[in-house]
Amino acid sequence: MPAAYPSLTRALAEALVDVLWFVEGCEDEQMDPDDAVKVQGVAYVVTKLSPVQRDEFLDLLGTMAREESDPSRRAFLEEFPDGFGLLEDEG
């Protein structure tokens, strides 16, 4: 069976985005707020990437956004770098 993703990095990025997109879209009654905070804490990992890793992740997010056919998910992908603190060190 061929791989669904071209790399482990792509598979993990897709999984991270999927989880965070789900949490962002949940209504309050769909998810316990404490659990939502715990899941959002996973995003903290991306703020600790090295500059090279961050650039790779940003490039990957850009590719994922360009390939995305769902407009709301594409917008989430485009806003992800700023929303999750990947751009705070730039400038």
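With sequence neighbours excluded, no residue forms a side chain to side chain donor-acceptor pair (under 3.5 Å) with Glu79. Residues satisfying the salt bridge (Lys or Arg N to Asp or Glu O under 4.0 Å) criterion with Arg73, sequence neighbours excluded, are Glu14, Asp18, Glu68. When the side chain to side chain donor-acceptor pair (under 3.5 Å) test is applied to Ser72, the partners found at least two apart in sequence or on another chain are Asp70. Every residue meeting the side-chain contact (heavy atoms from CB on, under 4.5 Å) condition with Ser7, not counting sequence neighbours, appears here in chain and number order: Thr9, Arg10.
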field: Step-by-step side chain to side chain contact (heavy atoms under 4.5 Å, CB included) determination, Val17 to Leu61
entry: CA-CA 9 Å; Val17 168; Leu61 288 169; 3.9 Å; yes
- request: Take Leu86 and Leu58 through the test side chain to side chain contact (heavy atoms under 4.5 Å, CB included) and record every step on the way to the result.
  value: CA-CA 8 Å; Leu86 291 172; Leu58 289 170; 3.9 Å; yes
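We find the CG-CG distance between Leu20 and Leu77 to be 11.0 Å, quoted to the nearest 0.5 Å.
The minimum heavy-atom distance linking Pro71 with Ser69 is given by the pair CD-O, 3.3 Å. Here the shortest heavy-atom pairing between Arg74 and Ala65 reads CG-O, 3.3 Å.
Clustering of Ile, Leu, Val, Met, Phe, Trp and Tyr side chains at separations under 4.5 Å places Leu12 together with Leu8.
Applying the ring-ring contact (aromatic ring centres under 6.0 Å, His included) rule to pairs touching residues 54-74 yields Phe57-Phe80, sequence neighbours excluded. The salt bridge (Lys or Arg N to Asp or Glu O under 4.0 Å) contacts involving residues 39-52 comprise nothing, where partners must be two or more places apart or lie in separate chains.
Arg54 places no side-chain N or O within 3.5 Å of a backbone atom of Ser50 that could act as its donor or acceptor partner.
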